[in-house]
2 protein chains.
Amino acid sequence: MATIKEIAAMASVSRTTVSRVLNNSGYVSEDVRKRINKVIEETGYIPSQQAKSLRTKKTKVIGVILPTIKTETSGRLVAGIDEVLSEAGYQILLANTNLDRQKEIEFLQLLKVRQVDGIILAATNVNDELVEKIKQLDIPFVAIGQEIQGIFNVLYDDYHAARDMTSLFVRKGHKRISFIGVDESDRAVGFLRKKGFLDEMNNNNLSVEDAWVEKGVFNIQSGYEAMARIIQNSTRIPTAVFAVTDRLAIGAMRYLNEHSYTIPDEMAIAGIGASEMSKYVTPPLTTIDYFNESVGHEAAKLILNRTTNHNKEFKKITSNYRLIERDSV
Amino acid sequence: MATIKEIAAMASVSRTTVSRVLNNSGYVSEDVRKRINKVIEETGYIPSQQAKSLRTKKTKVIGVILPTIKTETSGRLVAGIDEVLSEAGYQILLANTNLDRQKEIEFLQLLKVRQVDGIILAATNVNDELVEKIKQLDIPFVAIGQEIQGIFNVLYDDYHAARDMTSLFVRKGHKRISFIGVDESDRAVGFLRKKGFLDEMNNNNLSVEDAWVEKGVFNIQSGYEAMARIIQNSTRIPTAVFAVTDRLAIGAMRYLNEHSYTIPDEMAIAGIGASEMSKYVTPPLTTIDYFNESVGHEAAKLILNRTTNHNKEFKKITSNYRLIERDSV
DNA sequence: ATTTTGTGTGTAATCGATTCCACAATTAAT
DNA sequence: ATTAATTGTGGAATCGATTACACACAAAAT
């Protein structure tokens, strides 16, 4: 691999001049420019991004921290981020925490060391240590999915989405509605979605039996088990179940199918996430599309805006959503 | 952010010595080491990976080129790659081609500019230009999913997987088996899987009507349409359909469901990929698990081996697979 | 006719590390 | 007692770019 020095020598000019035609900055005569371009062409020379970054302090790399890379949600998010970023000549440096909180913090450090121009974090649980770390990092930062004071956020409207879905159940005539959530330390998925559900129930003067409210984790099996517990422990069996993720919903459906409950007649069900799967289960699942890809777009735009314009006023974007009514409710 | 120079000054030693304790190389007295570590501790100094890479020519970054990041397959693959890589202190620089062949080549260039220590390519179609480019790149390289002569490969056993699946249909008593493939310019998914199917059919003296062989692209809708064409154009309606991906299969199932064919009685169906969805459609889809995650592991190990040991003898790993028999056949 | 402005090019410092080499000061070996 | 090896430290070159500054020359403005 040739260096700028060699190119300069071959074209009988100084490195400065070569650098000028590379970045077309400053004055270069047409003759010289041609001569240099010819040499560049012939040698297939490409300047080292490495050296350039060292000097300019810009890497054109954005770090993306994900709780997992295996899910569709993450995939769509990254695709969205990448679309905007690559358009602007940036690339993504991936950091997969596998839901390990300690790793989240380590990665923050690691990405800083690598001098990324910005960091996008798909957040799950936010703890003080993390927030503290983010703030002292002093790198353009965008958090997706969880609100963090004092930094840029792109949020899902978990509360209203949950209310809307609950409201749909109510409109369909359900009065005994059960709920499968996740731990409330996850403020967005755990706390806000549950609050949306409860508030809407309350709003309609509908009571919620304790046994109707169950908790799972982010996988299908967990939805299956939660549904089982609801059925087994309820004094009055509910007529509907609202699961806070599609996977939980699909697990629940599985339980219902295996135990011959007809959906939606004996038990209506809905999820959140608009996973591809949701469309092809039987019956097709009513769910909420969070437009992950466009959330990715927003996050990427935000971070670019922050890096290039040094925009400092913190911004919170709440993305919209769409309730997809299918046959499970 | 402090630099090594400042640390050196604060500890009243030379940069050389600081560098020594950083990389614990060479001789440093216990006294001095402690003094330097104290300063490092206090200032929270972290050496610039940037500057280090420039000097050492190692970035500890591996470029991963994907045809798409939205699918489960990609997600699992990346998760597998990341698992091994991050363990070894490497990170992933993502490049998403969105199935654009020209971009594939551009990214090769781009990753080289960024001086990645190696490149993993999840290949779809291989053309001469690409192969040529890869070879002149002179960077440790591993291709996943498509065999490329002269470079490292981690392959799926498409041919035998397809034969096995076909053989399953035959054992179940099917004689009129149809096939939904993809374009044969995709040697692995298009050509080899089809060849496996045809060879096994031939092996069992079963003929294949032209109308039974259809082609789609990598999405669900396309499977739906292909199934429609098969039903509409066949003189003798087949009793089974083998789709080369789960999505195609699920699209086909959808058509069959809508047109009231019972699965598997009137029409048996199978796919390849073991997507999460395949388990939850009705009936659960018989498919083949390619162990994407462990393929990711292998690819990562291979590239690390190649970068660190300068292992030069080309290696081809064919990963194994598992036929998952469910209720659709 | 002198000053200013616009063009074109090069010298050398700089970014923040690593590393070769030189040089002391000890300690061990002959 | 001399030589050799071990241990400890620093000076300065280096990686491959960018960029502030200086300088020369031509054209335009005064």
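Chain letters run A, B, ... following the sequence lines, proteins first and then strands; every chain starts at 1.
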Pairing pattern in dot-bracket form [Watson-Crick, G-U; both distances under 3.5 Å; | = partner strand] for DNA chain C: .||||||||||||||||||||||||||||.

Crowding at CD, A:Glu41 (>12 non-hydrogen neighbours, <6.0 Å):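 Counting neighbours around CD of A:Glu41, 12 or fewer heavy atoms of other residues, nucleotides or ligands fall under 6.0 Å, so no.
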
A:Gln136 atom CD, over 12 foreign heavy atoms within 6.0 Å: yes

Close residues, residues 2-9 of chain B, relative to DNA chain C [heavy-atom separation under 4.0 Å]: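 Those residues are B:Thr3, B:Ile4.
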
Those residues of residues 36-45 of chain A lying under 4.0 Å from DNA chain C by at least one heavy atom: none

Considering residues at least two apart in sequence or located in another chain, which fulfil the side-chain contact (heavy atoms from CB on, under 4.5 Å) criterion with [X]?
X: B:Ala300; value: B:Ile81, B:Val84, B:Leu85
X: B:Glu104; value: B:Ile65, B:Thr97, B:Leu121, B:Thr124, B:Leu130
X: A:Thr59; value: A:Ser53, A:Val61, A:Gln115, A:Asp117, B:Gln50
X: A:Asn98; value: A:Asn96

Sugar-phosphate only, base, or nothing, as touched by B:Ser48 at under 4.0 Å among non-hydrogen atoms: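 It contacts sugar-phosphate atoms only.
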
Touch class at under 4.0 angstrom, heavy-atom based, for A:Val32 against every strand present: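 Sugar-phosphate, backbone atoms only, no base.
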
B:Ile105 side, atom CD1; B:Lys103 side, atom NZ - distance, nearest 0.5 Å: 13.5 Å

Spacing of OG1 belonging to B:Thr73 relative to OH belonging to B:Tyr156, to within rounding of 0.5 Å: 7.0 Å

Short side-chain to backbone donor-acceptor contact, B:Ser294 and B:His297, under 3.5 Å: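 Checked: no pair found.
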
Flag, side chain of A:Lys112 to backbone of A:Leu137, donor-acceptor distance under 3.5 Å: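 Looks like yes, one N/O pair under 3.5 Å.
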
Any B:Thr56 side-chain N or O less than 4.0 Å from OP1/OP2 of D:dC15: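 Looking at the OP1 and OP2 atoms of D:dC15, neither is under 4.0 Å from any side-chain N or O of B:Thr56.
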
Phosphate OP1/OP2 of D:dG16: any B:Lys57 side-chain N/O under 4.0 Å: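 Looking at the OP1 and OP2 atoms of D:dG16, one of them is under 4.0 Å from a side-chain N or O of B:Lys57.
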
Candidates D:dG16, C:dT9, D:dT18 - which lies nearest the side chain of B:Leu54: D:dG16

Which atom of A:Val113 lies closest to which atom of B:Pro47, heavy atoms considered: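 Between these two residues, the closest heavy atoms are CG1-O, 3.6 Å.
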
Most 5' of A:Gln115 and B:Ser25 on DNA chain C, judged by nearest nucleotide: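 Comparing both residues, the 5'-ward one is A:Gln115.
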
Listed once per pair and sorted, the side chain to side chain donor-acceptor pair (under 3.5 Å) pairs that draw on residues 125-135 of chain A, sequence neighbours left out: A:Asn125-A:Ser185

Atom pairs, protein N/O to nucleotides 11-13 of chain C N/O, distance under 3.5 Å:
from	atom 1	to	atom 2	distance (Å)
C:dT11	O4	A:Thr16	OG1	2.7

Run the side-chain donor-acceptor check on residues 7-23 of chain B: report pairs under 3.5 Å with partners two or more places apart or on a different chain.
from	atom 1	to	atom 2	distance (Å)
B:Ser14	OG	B:Thr16	N	3.3
B:Ser14	OG	B:Thr17	N	3.3
B:Ser14	OG	B:Thr17	OG1	3.3
B:Ser19	OG	B:Asn23	ND2	3.4
B:Asn23	ND2	B:Ser19	O	2.8

Earlier contact from the 5' end, DNA chain D, for B:Ala51 and B:Val13: B:Val13

How long is the line joining [atom1] of [X] and [atom2] of [N], in whole Å?
X: B:Arg35; N: D:dG8; atom1: CZ; atom2: P; result: 14 Å
X: B:Lys34; N: D:dT9; atom1: NZ; atom2: P; result: 13 Å
X: A:Asp31; N: C:dT7; atom1: CG; atom2: C1'; result: 14 Å
X: A:Lys58; N: C:dG16; atom1: NZ; atom2: C1'; result: 17 Å

Side chains of B:Thr71 and B:Thr68, donor plus acceptor under 3.5 Å: no

Donor-acceptor side-chain pairing of B:Asp158 and B:Tyr290 below 3.5 angstrom: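 Distance-only check passes for B:Asp158 and B:Tyr290.
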
Using the 3.5 Å cut-off, write out each protein N or O paired with an N or O of nucleotides 4-7 of chain D and the distance between them.
from	atom 1	to	atom 2	distance (Å)
D:dT7	OP2	B:Tyr27	OH	2.9

Selection residues 292-301 of chain A - residue pairs positive for salt bridge (Lys or Arg N to Asp or Glu O under 4.0 Å), sequence neighbours left out: A:Glu293-B:Lys70, A:Glu298-A:Lys301

